[in-house]
Amino acid sequence: MSVSHRVIERGHQPPHKVFGAWESAFYDSFQAAGLTDAFRHLHPHTIAHSWYRLTGAGFRFDHVFVSTPNVGQVLACDYDREAREAGLTDHAVMTLRLGLPAAAGT
């Protein structure tokens, strides 16, 4: 038997009836632990999907979380769909570019 663990942001667009309340609560628990969704931080209103059903329905299942105090170091975070479109995986690849914090005293 296969068990699926999905991390779904509250208000996922489009809404899908297959999501349980626990899946959004799981996503919320990352924020409660002091983490920030890097993609959502940079793209607060963008509807993006990292996985698609055969019917074409899109889902944002893939996330990168960063510690909230360091969220200002997030320079870029996006989905690269090339590997999925080439058939190497069924998910888009998450990319993250972080800046280095300034050294103390510089």
Side-chain angles (χ1 to χ4, degrees):
M1 179 168 93
S2 172
V3 177
S4 177
H5 299 284
R6 299 179 293 217
V7 179
I8 301 298
E9 66 185 324
R10 207 164 287 288
H12 183 281
Q13 291 299 318
H16 295 287
K17 293 180 181 180
V18 298
F19 298 148
W22 69 269
E23 290 164 310
S24 293
F26 187 29
Y27 177 93
D28 295 344
S29 72
F30 288 88
Q31 184 175 2
L35 301 172
T36 297
D37 180 337
F39 177 84
R40 188 54 64 216
H41 172 73
L42 294 178
H43 312 282
H45 306 293
T46 300
I47 297 173
H49 301 122
S50 59
W51 185 84
Y52 293 85
R53 283 188 170 171
L54 294 176
T55 62
F59 300 82
R60 191 166 91 88
F61 286 149
D62 301 279
H63 312 274
V64 174
F65 292 91
V66 297
S67 60
T68 300
N70 294 315
V71 75
Q73 303 299 328
V74 176
L75 302 176
C77 185
D78 231 316
Y79 292 101
D80 181 347
R81 292 170 179 79
E82 188 175 325
R84 183 179 60 77
E85 291 168 356
L88 300 174
T89 179
D90 62 346
H91 287 256
V93 175
M94 289 287 319
T95 61
L96 175 68
R97 188 163 44 102
L98 296 172
L100 296 174
T106 61

Given the rule that I, L, V, M, F, W and Y join up when any side-chain heavy atoms are under 4.5 Å apart, are V71 and L35 in one cluster?
-> no

What heavy-atom pair brings L96 and A38 nearest, and what distance separates the two atoms?
-> CD1-CB, 3.9 Å

So, D37 side chain and R40 main chain: donor-acceptor pair closer than 3.5 Å or not?
-> yes

Contact summary for R84 and S50, nearest pair of heavy atoms = CD-O, 4.1 Å

Write down the atom of H91, the atom of D62, and the distance for their closest heavy-atom approach.
-> ND1-OD2, 2.7 Å

Give the ring-plane orientation class for F30 versus F65, where under 30° counts as parallel, over 60° as perpendicular and anything between as tilted.
-> parallel

The side-chain contact (heavy atoms from CB on, under 4.5 Å) partners of L75 (sequence neighbours excluded) come to R97

In terms of heavy-atom contacts, A83 and V93 come closest through CB-CG2, 4.0 Å

Closest contact, heavy atoms only, R60 versus A48 = CB-O, 3.4 Å

Residue pair H43 / D78, side-chain heavy-atom distance below 4.5 Å | yes

Residue pair M94, F39: steps toward the side-chain contact (heavy atoms from CB on, under 4.5 Å) verdict | CA-CA 9 Å; M94 289 287 319; F39 177 84; 4.2 Å; yes

Quick one: closest heavy-atom pair of C77 and V74, and the distance?
-> CB-CG1, 4.5 Å

Could you check Y79 against H49 for ring pair (Phe, Tyr, Trp, His ring centres under 6.0 Å), going step by step and ending with a plain yes or no?
-> CA-CA 8 Å; Y79 292 101; H49 301 122; 8.9 Å; no

Atom CG in L88, atom CD in E82: separation rounded to 0.5 Å?
-> 9.0 Å

So does Q31 have more than 12 non-hydrogen atoms from other groups sitting under 6.0 Å from CD?
-> no

